[in-house]
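Every chain is numbered from 1, with letters handed out A, B, ... down the list of sequences.
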Amino acid sequence: AQTVTQSQPEMSVQEAETVTLSCTYDTSENNYYLFWYKQPPSRQMILVIRQEAYKQQNATENRFSVNFQKAAKSFSLKISDSQLGDTAMYFCAFMTNSGYALNFGKGTSLLVTP
Amino acid sequence: EAQVTQNPRYLITVTGKKLTVTCSQNMNHEYMSWYRQDPGLGLRQIYYSMNVEVTDKGDVPEGYKVSRKEKRNFPLILESPSPNQTSLYFCASSPPPSGSPSYEQYFGPGTRLTVT
């Protein structure tokens, strides 16, 4: 079974600063997908960024980027120029190539302060 | 608009009273799943379906049933709800990941269930 670990239950960052959220995972698979989801107070699950394990290049989406270290099984999320609207719970998730299920970490609650 | 809908959004019920949470998607996706979210535990998969009439258990299936009679619908059934099923429930749908360069699971808005 695959496990996903987010070691930071809560984090805080000031507006316009940069913050990195950590995620590690455990798997024996070689092909898989990794995701970061954002859950604002509305509770909607919003996909922030995805990474295919076979791609060496780190994914980037505007202010969001990842540091994917396949050998270390690490998948951290960097948020640059943090905005108040980034305040949310962030979940790291893993999926095998079969696509049947997302395995989620327990989440990191991020607070962006003025 | 491509979306996953769930109903009801909020439900308060009593122990033992059968209930169904509906889920519908308009994207013609083969895969559908149900997850529950509990504080400190993240989201955990309850059941999933790979296509019509094909369903299987996820990580926490006890106390739940599902059916997939139509491709677009995937209802979650609690035959005899108990207080430990108080949770936030999400339905999700997706195409198979292979051959989908922009693969993602699309989530419904969530259903807040309270069992007293």
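Between chain B and the residues A:Phe104, A:Tyr37, A:Phe91, A:Phe35, the largest count of heavy-atom pairs under 4.5 Å involves A:Phe104.
For the pair B:Arg112 and A:Arg43, the minimum side-chain heavy-atom distance is below 4.5 Å.
More than 12 non-hydrogen atoms from other residues, nucleotides or ligands lie less than 6.0 angstrom from CD of B:Glu53. Within a 6.0 Å sphere centred on CD1 of B:Ile77, other residues, nucleotides and ligands contribute more than 12 heavy atoms. The 12-atom threshold is not exceeded at NZ of A:Lys106, counting heavy atoms of other residues, nucleotides or ligands nearer than 6.0 Å. The local environment of CD in A:Gln14 is sparse, with at most 12 non-hydrogen atoms from other residues, nucleotides or ligands closer than 6.0 Å. Counting non-hydrogen atoms of neighbouring residues, nucleotides and ligands closer than 6.0 angstrom, the NZ atom of A:Lys78 reaches no more than 12 such neighbours. Environment of CG in B:Asn84: crowded, with over 12 heavy atoms of neighbouring residues, nucleotides or ligands closer than 6.0 Å.
At a threshold of 4.5 Å between side-chain heavy atoms, the hydrophobic network of Ile, Leu, Val, Met, Phe, Trp and Tyr places A:Val19 and A:Leu84 in one connected group.
Neither the backbone nor the side chain of A:Ile46 has a heavy atom closer than 4.5 Å to any heavy atom of chain B. In this structure, the portion of A:Met95 lying under 4.5 Å from any heavy atom of chain B is its side chain and not its backbone. Using a 4.5 Å cut-off between heavy atoms, B:Gln45 touches chain A through its side chain atoms alone. In this structure, no portion of B:Asp56 lies under 4.5 Å from any heavy atom of chain A.
Interatomic distance, CD of A:Gln39 versus CZ of B:Phe107, reported as 9.5 Å (0.5 Å rounding). The line from CD1 of A:Ile49 to CD of B:Glu104 is 12.5 Å long, rounded to the nearest 0.5 Å. Note that CG of B:Asp59 and CG of A:Asn103 are 6.0 Å apart. Values are rounded to the nearest 0.5 Å. Here the straight-line distance linking atom CE of A:Met45 with atom CD of B:Gln105 works out to 9.5 Å at 0.5 Å rounding.
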